2 protein chains.
Amino acid sequence: MHEQAALRLAVQEQRYTSVRRALVDTLAGAGRPLSIREILAANEDLPQSSAYRNITALIEAGVVRRVTGVDDHGRFELAEELSGHHHHLACGRCGTVEDIAPSARLERAMTEAARVVADEHGYEVLGHQFDLVGTCPACQRSSTEWTMPATRSST
Amino acid sequence: MHEQAALRLAVQEQRYTSVRRALVDTLAGAGRPLSIREILAANEDLPQSSAYRNITALIEAGVVRRVTGVDDHGRFELAEELSGHHHHLACGRCGTVEDIAPSARLERAMTEAARVVADEHGYEVLGHQFDLVGTCPACQRSSTEWTMPATRSST
DNA sequence: AGTAGCAATGAGAATCATTCCCAACTAAGG
DNA sequence: CCTTAGTTGGGAATGATTCTCATTGCTACT
């Protein structure tokens with residue numbers, strides 16, 4: 001994994017420094033997309049400017065990718081080439097995002113959909129995003145008093 | 001449509017004021033999710049504080065829903081009950097989001113996936129989100145000089 | 001019509017994430 | 001060593017979103 005990361009950075013003429021290595025370790029260890037805030041919490045004496053700068057560098061090198069969850073804050077995870085392919089399950093209450101395993105049938109349907117749309121809209125389709133939105137077990141328990149989560153389903 | 005909106009606001013003991021009506025008209029007329037900036041542009045003398053406040057009110061009433069695109073800025077559209085069911089196609093360059101028609105096959109696969117995940121993770125799945133990410137025709141033309149769009153595909 | 005009560009409005013301040021800037025630092029090559 | 005270019009940390013700047021508050025406008029009731 002670190003080799004891959006170093007290699008990809010090298011392509012961009014960038015170094016695989018200790019800060020970057022730490023970020024990769026943090027993301028790899030989490031097993032789910034992390035927000036900058038979580039990344040900073042996991043690396044106490046890491047200046048936020050360095051966190052942003054290096055996350056950006058890693059994104060540009062293709063080592064990390066940005067995930068959009070239910071809130072509007074960026075969350076980051078290792079690129080699929082380094083971590084394996086998967087989908088996301090987001091909690092509409094607390095915003096946490098979990099990784100979930102992909103299904104072959106769903107993959108096929110999505111690929112097909114992408115092809116059709118590319119044809120019809122003239123887009124060059126680069127990828128897609130499928131997230132399930134729900135309420136995590138913890139939030140289900142901790143809140144009987146509630147009615148209207150910020151609506152958010154598309155399909 | 002306005003009846004629906006008024007009704008839903010009434011449930012929350014809120015009024016369907018002219019500002020709110022204007023917002024609904026704007027969103028209905030756009031046919032795609034709009035950012036606050038776009039909404040303000042379409043309603044020249046609308047104070048931004050009112051735009052945010054009322055969009056929030058409409059979201060809480062279930063008239064509008066928030067869509068997260070490729071950038072981290074909120075975009076808003078009418079709830080599907082008022083506008084019909086659809087997916088999104090986002091341009092990774094300019095961030096614009098278009099509506100696209102759903103496909104029956106994809107719908108079935110997604111519903112199935114949601115069921116499986118709900119079982120396995122203990123989540124109460126409320127909905128899902130499927131967005132295709134690509135490059136719109138305009139951006140394809142306007143930029144031959146480019147290599148690495150902020151990576152963003154999940155599946 | 002008159003008025004109390006409460007939601008709604010507009011302007012700007014406050015907050016929060018993210019980006020930008022710059023001076024000091026470090027690694028790699030000659 | 002000595003140079004060069006990428007890197008770092010700290011803080012300022014930016015931008016979007018939320019909050020505050022005094023004022024205004026409905027609604028219902030009289």
Side-chain angles (χ1 to χ4, degrees), chain A residues 5-24 26 33-61 63-76 94-97 150 152, chain B residues 5-24 26 33-61 63-76 94-97 150 152:
Chain A
L7 180 60
R8 290 176 182 229
L9 282 165
V11 170
Q12 315 274 314
E13 302 197 307
Q14 302 216 318
R15 299 169 189 153
Y16 193 41
T17 65
S18 59
V19 170
R20 293 173 187 175
R21 188 179 302 262
L23 287 174
V24 169
T26 300
L34 297 180
S35 63
I36 288 287
R37 185 167 283 199
E38 290 171 317
I39 290 171
L40 290 174
N43 296 273
E44 274 199 34
D45 46 5
L46 172 66
Q48 63 158 212
S49 60
S50 292
Y52 278 108
R53 178 155 25 76
N54 287 300
I55 281 289
T56 301
L58 290 170
I59 288 175
E60 279 167 5
V63 176
V64 167
R65 85 185 180 89
R66 157 174 254 139
V67 175
T68 304
V70 281
D71 46 27
D72 279 335
H73 300 148
R75 283 165 191 277
F76 307 89
C94 61
T96 299
V97 181
R152 181 153 201 292
Chain B
L7 180 61
R8 290 175 181 227
L9 282 165
V11 171
Q12 314 275 314
E13 303 197 308
Q14 301 216 318
R15 299 168 191 156
Y16 194 40
T17 65
S18 60
V19 171
R20 290 172 189 176
R21 189 179 302 263
L23 288 174
V24 169
T26 300
L34 297 180
S35 63
I36 288 287
R37 183 168 285 199
E38 291 171 317
I39 290 171
L40 290 174
N43 296 272
E44 275 201 29
D45 46 4
L46 172 66
Q48 65 158 210
S49 61
S50 292
Y52 277 110
R53 179 155 22 77
N54 287 300
I55 280 290
T56 302
L58 291 171
I59 288 175
E60 278 168 6
V63 175
V64 167
R65 85 185 180 89
R66 157 175 254 137
V67 175
T68 305
V70 282
D71 46 27
D72 279 335
H73 300 148
R75 284 165 190 276
F76 307 90
C94 62
T96 300
V97 182
R152 182 152 200 292

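The shown structure was predicted, so the numbers you read here are calculated from the model rather than taken from an experiment. Throughout, protein chains are lettered first and strands after them, A, B, ... in sequence-line order, and every chain is numbered starting at 1.
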Original post:
Within this structure, what is the CD-to-C1' distance between A/Gln14 and C/dA28, rounded to whole angstrom?
Top reply: 16 Å

Original post:
If you round to the nearest 0.5 Å, how far is CD of A/Glu60 from CZ of A/Arg8?
Top reply: 14.0 Å

**OP:** Can you measure from OG1 (A/Thr26) to CG (A/Asn43) and round to the nearest 0.5 angstrom?
**Re:** 3.5 Å

Original post:
To the nearest Å, how far apart are B/Arg66 CZ and D/dT17 P?
Top reply: 7 Å

Within the sub-3.5 Å range, which N or O atoms of nucleotides 27-29 of chain D have a protein N or O partner, and how far apart are they?
none

Subject >> Atom pair distance, as rounded to whole Å: OH in A/Tyr52 and P in C/dC21 >> reply: 17 Å

Subject >> Side-chain N,O (B/Thr17) to OP1/OP2 (C/dA8) below 4.0 Å >> reply: no

**OP:** To the nearest Å, give me how far apart CD1 (A/Ile55) and C1' (D/dT8) are.
**Re:** 16 Å

Original post:
About how many Å separate CD of A/Gln14 and CG of A/Asn54, when rounded to the nearest 0.5 Å?
Top reply: 8.5 Å

Original post:
Do B/Leu23 and B/Leu46 come within less than 4.5 Å of each other through their side chains, counting heavy atoms only?
Top reply: yes

Original post:
Rounded to the nearest 0.5 Å, how far does CZ of B/Arg66 lie from CD1 of B/Ile59?
Top reply: 5.5 Å

Subject >> Selection: residues 35-49 of chain B, any non-hydrogen atom under 4.0 Å of DNA chain D >> reply: B/Ile36, B/Arg37, B/Gln48, B/Ser49

**OP:** Quickly work out the A/Gln12 CD to D/dA5 P distance and round it to whole Å.
**Re:** 18 Å

Original post:
What integer distance in Å separates A/Tyr16:OH from D/dT8:P?
Top reply: 12 Å

Subject >> All side chain to side chain contact (heavy atoms under 4.5 Å, CB included) counterparts of B/Arg15, not counting sequence neighbours >> reply: B/Thr17

Subject >> C/dT9 phosphate, OP1 or OP2, under 4.0 Å from B/Asn54 side-chain N/O >> reply: yes

Subject >> d(CD, A/Glu60; C1', D/dT7) in whole Å >> reply: 14 Å

Original post:
Does B/Ser50 have a side-chain nitrogen or oxygen under 4.0 Å from the phosphate oxygens OP1 or OP2 of C/dG10?
Top reply: yes

Original post:
Is the shortest heavy-atom distance from the side chain of B/Val24 to the side chain of B/Tyr16 under 4.5 Å?
Top reply: yes

Original post:
Quick one: on DNA chain D, does A/Arg53 or A/Glu13 contact a more 5' nucleotide (nearest heavy atom)?
Top reply: A/Glu13

Original post:
Just wondering, do B/Leu58 and B/Leu9 contact through their side chains at under 4.5 Å, heavy atoms?
Top reply: yes

Subject >> Heavy-atom pair with the smallest gap, counting every atom of B/Leu40 and B/Ala51 >> reply: CD2-CB, 3.8 Å

Subject >> For atom CZ of B/Arg20 and atom P of C/dA7, their distance in whole Å >> reply: 11 Å

